[in-house]
Amino acid sequence: MKTNYADTSLSIKNLAEEDRPREKLLQKGRQALTDAELIALLIGSGTPKLSAISVAQLLLNYCENDLNKLAQLSIKELKKIEGIGDAKAVTITAAIELGRRRKEADKPTRPKISCSKDIYALLSPYLLDLNHEELWVVLMSRSNNVIALEKISMGGMTGTVADPKIIFQKALEKGACSIILSHNHPSGHVKPSQADISLTKKVKNAAQFLEMPLLDHLIFGNDSYFSFADEGIL
């Protein structure tokens, strides 16, 4: 059921030309637009009672004006907002994904990993803003350069199935000399669960047998992370 709001806002057409998002962007540049105006440009139109800017403001209110929270919304959640249907929800989601991919494209193709912060920076485009769990493995060369990133599994809000056989199959196929595990907690809490600790021990033992060390296991929250190596429990 959509959230209902009463609104008597003027349509964008009735705004002064310099206040219309499209004209404002053309005249003053993209930096001059507010978050609501940028979203209004994406969705294009409002409803008979709401301008596109009013719909955008409702969406931002729903997200507490936090763009990180906006990026976490599913299509279903976006459609709870009055004036946002399938087409507009898909457009917003596509714009967010383009932004995420731009961050990914800015990263070097074979970065060198020297600490947990490097891992966090490398995997943030993949593991932040998700509303489900994913487990990834970073495959490393002998000199600690990244050979490849592999998504091992994807689950729900509370967990994902992790099979060490798949992890090491990927590692052997790529000729990795060491590995790093990482997964996210959609709840935002980074404290490892008993299942996280158990998986880490299992993979560490198998890695030692194959002479392919497990260097770290990072758990991503909303704006922080937990490193097993940093905490000395690997």
Side-chain angles (χ1 to χ4, degrees), residues 1-108 117 120-134 136 149 151 154 157 184-188 220-225:
M1 183 177 180
K2 289 184 180 289
T3 306
N4 291 316
Y5 297 86
D7 190 277
T8 57
S9 299
L10 295 173
S11 70
I12 288 179
K13 290 181 180 179
N14 291 328
L15 295 174
E17 184 170 317
E18 64 271 17
D19 292 328
R20 298 177 196 167
R22 185 175 299 153
E23 285 76 7
K24 188 174 179 180
L25 188 149
L26 291 171
Q27 293 173 8
K28 301 180 180 179
R30 62 185 185 231
Q31 295 86 355
L33 272 65
T34 65
D35 292 344
E37 289 170 332
L38 289 169
I39 294 170
L41 282 176
L42 286 174
I43 62 178
S45 63
T47 72
K49 292 185 177 181
L50 297 171
S51 69
I53 291 178
S54 296
V55 173
Q57 288 170 335
L58 293 179
L59 176 57
L60 288 171
N61 289 342
Y62 182 81
C63 300
E64 300 174 346
N65 291 301
D66 187 333
L67 294 180
N68 289 318
K69 290 183 179 179
L70 173 60
Q72 296 170 10
L73 296 184
S74 65
I75 297 288
K76 184 177 179 180
E77 289 172 317
L78 287 168
K79 289 167 61 179
K80 290 180 180 179
I81 305 302
E82 183 70 18
I84 296 182
D86 286 334
K88 292 174 182 175
V90 166
T91 299
I92 293 168
T93 301
I96 290 168
E97 180 59 21
L98 277 174
R100 183 180 291 115
R101 291 185 186 187
R102 182 195 173 191
K103 288 182 181 179
E104 177 185 337
D106 287 341
K107 298 187 180 300
K117 288 183 179 179
Y120 182 77
L122 177 70
L123 289 173
S124 290
Y126 302 93
L127 287 172
L128 291 183
D129 305 329
L130 297 178
N131 56 12
H132 59 273
E133 273 200 18
E134 291 187 1
W136 286 67
L149 306 176
K151 181 165 69 173
M154 182 172 69
M157 286 288 293
N184 65 304
H185 282 176
S187 66
F220 279 61
N222 291 335
D223 53 8
S224 61
Y225 67 89

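Remember, it's a predicted structure, so these values are computed and weren't measured experimentally.
The two residues L70 and I39 have their closest heavy-atom pair at CD2-CD1, 4.1 Å. Taking both residues in full, the closest heavy atoms of L50 and E82 are given as CD1-CG, 3.7 Å, listed atom of the first, atom of the second, then distance. Contact detail for P21 and A40: the closest heavy-atom pair is CG-CB, 4.4 Å. N65 and N61 make their closest contact through ND2-OD1, 4.2 Å (heavy atoms, listed as atom of the first residue, atom of the second, distance). The minimum heavy-atom distance linking P125 with A121 is given by the pair CD-O, 3.7 Å.
D223 pairs by the side-chain hydrogen bond (donor to acceptor under 3.5 Å, both in side chains) definition with nothing, not counting sequence neighbours. Under the rule for a side chain to side chain contact (heavy atoms under 4.5 Å, CB included), the partners of L38 that lie at least two apart in sequence or sit in another chain are L33. Applying the side-chain hydrogen bond (donor to acceptor under 3.5 Å, both in side chains) rule to T47 yields no partners; only residues at least two apart in sequence or on another chain are considered. Remark: Y120 engages no residue in a side-chain hydrogen bond (donor to acceptor under 3.5 Å, both in side chains) (not counting sequence neighbours). Residues meeting the side chain to side chain contact (heavy atoms under 4.5 Å, CB included) test with T34, sequence neighbours left out: A36, E37. With sequence neighbours excluded, the residues satisfying side-chain hydrogen bond (donor to acceptor under 3.5 Å, both in side chains) with K69 are E64.
R22 CZ to L25 CG: the interatomic distance, rounded to the nearest 0.5 Å, is 10.0 Å. Note: I43 CD1 to T91 OG1 = 9.5 Å, rounded to the nearest 0.5 Å. Atoms CH2 and CG, on W136 and L122 in that order, are 9.5 Å from each other to the nearest 0.5 Å.
Using a 4.5 Å heavy-atom cutoff, the side chains of N222 and Q72 are in contact. Looking at heavy atoms from C-beta onward, I96 lies out of side-chain contact with D129 at the 4.5 angstrom threshold. Side-chain atoms of L59 and L78, non-hydrogen and from C-beta on, do get closer than 4.5 Å to each other. Taking the side chain as every heavy atom from C-beta outward, E133 and M154 never approach each other to under 4.5 Å.
A donor-acceptor contact shorter than 3.5 Å links the side chain of K88 to the backbone of G83. Side chain of N184 to main chain of F220: no donor-acceptor pair is present (N/O by atom type, distance under 3.5 Å, no hydrogens or angles).
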**Request:** Please lay out, stage by stage, how N131 and L73 fare under the test side chain to side chain contact (heavy atoms under 4.5 Å, CB included).
**Result:** CA-CA 8 Å; N131 56 12; L73 296 184; over 6 Å; no
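Under a 4.0 Å N-O distance rule, the pair K80/E77 does not qualify as a salt bridge.
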